J.: 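Here it is, the structure, as structure tokens.
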Amino acid sequence: MSKILVTGGTGYIGSHTVVELMEEGFEVVIIDNLSNSELEVLDGITAITGKEPHFEKVDLRDRELVIKVFEKHPDIQSIIHFAAFKAVGESVDKPLAYYENNLLSLIHLLEAMKQFKIAHLVFSSSCTVYGEPDSLPVDESAPIKKANSPYGNTKQICEEILQDTLESSPELGVISLRYFNPIGAHPSSKIGELPIGVPNNLVPFVTQTAAGIRERLNVFGDNYNTPDGSAVRDYINVVDLARAHIVAIRRLLANKQKTAFEVFNLGTGKGYSVLEIIHAFEKATGQKINFKVVDRREGDVEQVYADTAYANRELGWKAEKGIEETLLSAWNWEKNTRSKKNRS
Ligand code: NAD
Ligand code: UFG
């Protein structure tokens, strides 16, 4: 069975994807520097799959160490590249750290791919590349708007680097997956999202509020032009998202791409407002959320949700899990980990 390199494989989306890959029989090598994840994630992966992935604690900014991983595993066939810094607000304060990490990591991987003749890459992109879309739902042909954060800009630049590299390397095939808002956890509650410090994202903040770690959830704005005034996003279950990566890898391995650089939106096609998420969480879990409406958060778009028709048709993949099941999985994960973690 093929050996797949997963960068950022102990991170949130990476760990769920590693589980799906291993359950499909792929052999997995993880590269992660543990800058935003913990080694014990490997225990969760092993507990679910009954097998241990190879793990290399390597910083992708270190070109020599990256090369050593490929020398150690000369049979790597394909790469899924998750590793990146991803906090939008932090990227505004530390733009150079974001450009250095997110761009150098990709460049080093592409160099190694050339040297070791690896032809397939799946890249983690984001719906942030669309900015505030002109029309909804957003399909893959929507224009790329000027990024509203250095983080978003790294995703745009990475996609450009990939396209430029493909121009001179016809043997390469790349699939860029533009995620909407991944949430939830594996149904076993053995892996999930582990935000360090105060969560930026809505759902971890909701679960930590329900758990009593946070006193109150701030709802950022209720005066948007949406049905209830709060902002709308397309929340996709992380296991559904992980499964799309298996489909993408199989598409590359089978040379089924239509063009060397393919882009797919990964969402559910349905938008939920912040207030709808709170109410769906309360319904799914029986927990009350203490919340207050405050000012809008700078840089937020009003609403964005995916046109999933192309991904559904071309990949034969569809997000299947409903919002309540997904929010319940996030809550079960929170309950399972909160006693062990210092989340102050
Ligand atoms: P995460 O932070 O949980 O996982 C990223 C992993 O990469 C972490 O384990 C971190 O330690 C590792 N890492 C970072 N820099 C590294 C480096 N230089 N060398 C080695 N390892 C490094 O993030 P996630 O939510 O799983 O996101 C995965 C990818 O998906 C990222 O590229 C992110 O930008 C993208 N994405 C995430 C979201 C989201 O909402 N979570 C949405 C759209 C796109
Ligand atoms: N929100 C609140 N209160 C909070 C946190 C969030 O009201 O405490 C609101 C936000 O204002 C937004 C919605 O909940 O309207 C979702 O916010 P998130 O921070 O969870 O997600 P974003 O849509 O801002 O961004 C996320 C990731 C990005 C990624 C993007 C698209 O953080 O990295 O999804 O995939 F690029």
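By convention here, the first residue in the shown sequence is residue 1. One-based numbering, in listed order, for ligands and for the atoms of each. Bear in mind that the values here come from a model prediction, so they are computed numbers and not experimental data.
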J.: Between Asn332 and Ser189, is a side-chain hydrogen bond (donor to acceptor under 3.5 Å, both in side chains) present by the stated rule, with each step listed?
T.: CA-CA 6 Å; Asn332 288 337; Ser189 303; 4.9 Å; no

J.: Taking distance alone, with no angle check, do Asp32 and ligand 1 share an N/O pair under 3.5 Å?
T.: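 Yes: some nitrogen or oxygen of Asp32 is under 3.5 Å from one in ligand 1.
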
J.: When you measure from atom 19 (O) of ligand 2 to every protein heavy atom, which one gives the shortest distance, and what is it?
T.: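 The answer is Arg297 NH2, 2.9 Å.
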
J.: What residue and heavy atom of the protein are closest to atom 15 (O) of ligand 2, and at what distance?
T.: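 Result: Ala231 CB, 3.2 Å.
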
J.: Between Phe180 and ligand 1, is there a nitrogen or oxygen pair with a distance under 3.5 Å?
T.: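 N/O-N/O distance below 3.5 Å does not exist for this pair.
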
J.: Write out the residue and atom name of the closest protein heavy atom to atom 26 (C) of ligand 2, then the distance separating them to 0.1 Å.
T.: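 Minimum-distance protein heavy atom for atom 26 (C) of ligand 2 reads Asn181 ND2, 3.7 Å.
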
J.: Within a distance under 4.0 Å of any heavy atom of Val58, pick out the atoms of ligand 1 and give their elements.
T.: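 The atoms of ligand 1 under 4.0 Å from a heavy atom of Val58 are 19 (N), 20 (C).
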
J.: Taking 4.0 Å as the limit for heavy-atom contacts, which would you say applies to Ser105 with ligand 1: side chain only, backbone only, both, or neither?
T.: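 Under 4.0 Å from ligand 1, Ser105 contributes side-chain atoms alone.
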
J.: Does ligand 2 come near enough to Val203 that some N or O of the ligand is less than 3.5 Å from an N or O of the residue?
T.: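 No - when backbone and side-chain N and O of Val203 are compared with those of ligand 2, no distance drops under 3.5 Å.
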
J.: For atom 11 (O) of ligand 2, grab the closest protein heavy atom and report residue, atom and distance to one decimal in Å.
T.: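 The closest heavy atom on the protein side is Asp300 OD2, 2.5 Å.
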
J.: Could you list which atoms of ligand 1 come closer than 4.0 Å to a heavy atom of Ser35?
T.: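 Listed by number with element, the hits are 10 (C), 11 (O), 13 (N), 14 (C), 15 (N).
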
J.: Between Glu282 and Ile278, is there a side-chain heavy-atom distance shorter than 4.5 Å?
T.: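 Answer yes - side chains close enough.
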
J.: Using distance alone, determine whether Ser126 and ligand 1 share an N or O pair under 3.5 Å.
T.: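 No, Ser126 has no N/O under 3.5 Å of an N/O on ligand 1.
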
J.: Are Leu110 and Leu162 close enough that some pair of their side-chain heavy atoms sits under 4.5 Å apart?
T.: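 In short, these two side chains touch, coming nearer than 4.5 Å.
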
J.: Looking only at protein heavy atoms, identify the closest one to atom 20 (O) of ligand 2 and say how far it is in Å.
T.: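 The closest heavy atom on the protein side is Leu202 N, 2.9 Å.
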
J.: Return the closest protein heavy atom for atom 32 (O) of ligand 2 as residue, atom name and distance.
T.: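 Going by distance alone, atom 32 (O) of ligand 2 is nearest to Asn201 ND2, 2.8 Å.
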
J.: For atom 2 (C) of ligand 2, what is the nearest protein heavy atom, given as residue, atom name and distance?
T.: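 The closest one turns out to be Phe220 CD1, 3.3 Å.
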
J.: Check whether the ring centres of Phe116 and His73 lie less than 6.0 Å apart, and answer yes or no.
T.: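 No - the distance between ring centres of Phe116 and His73 does not fall below the 6.0 Å cut-off.
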
J.: For Phe82 and ligand 1, does the shortest N/O to N/O distance drop below 3.5 Å?
T.: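 Yes; at least one N/O pair falls below 3.5 Å.
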
J.: Could you find the nearest protein heavy atom to atom 12 (C) of ligand 2 and give me its residue, atom name and distance?
T.: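 So the nearest neighbour among protein heavy atoms is Arg233 NH2, 3.7 Å.
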
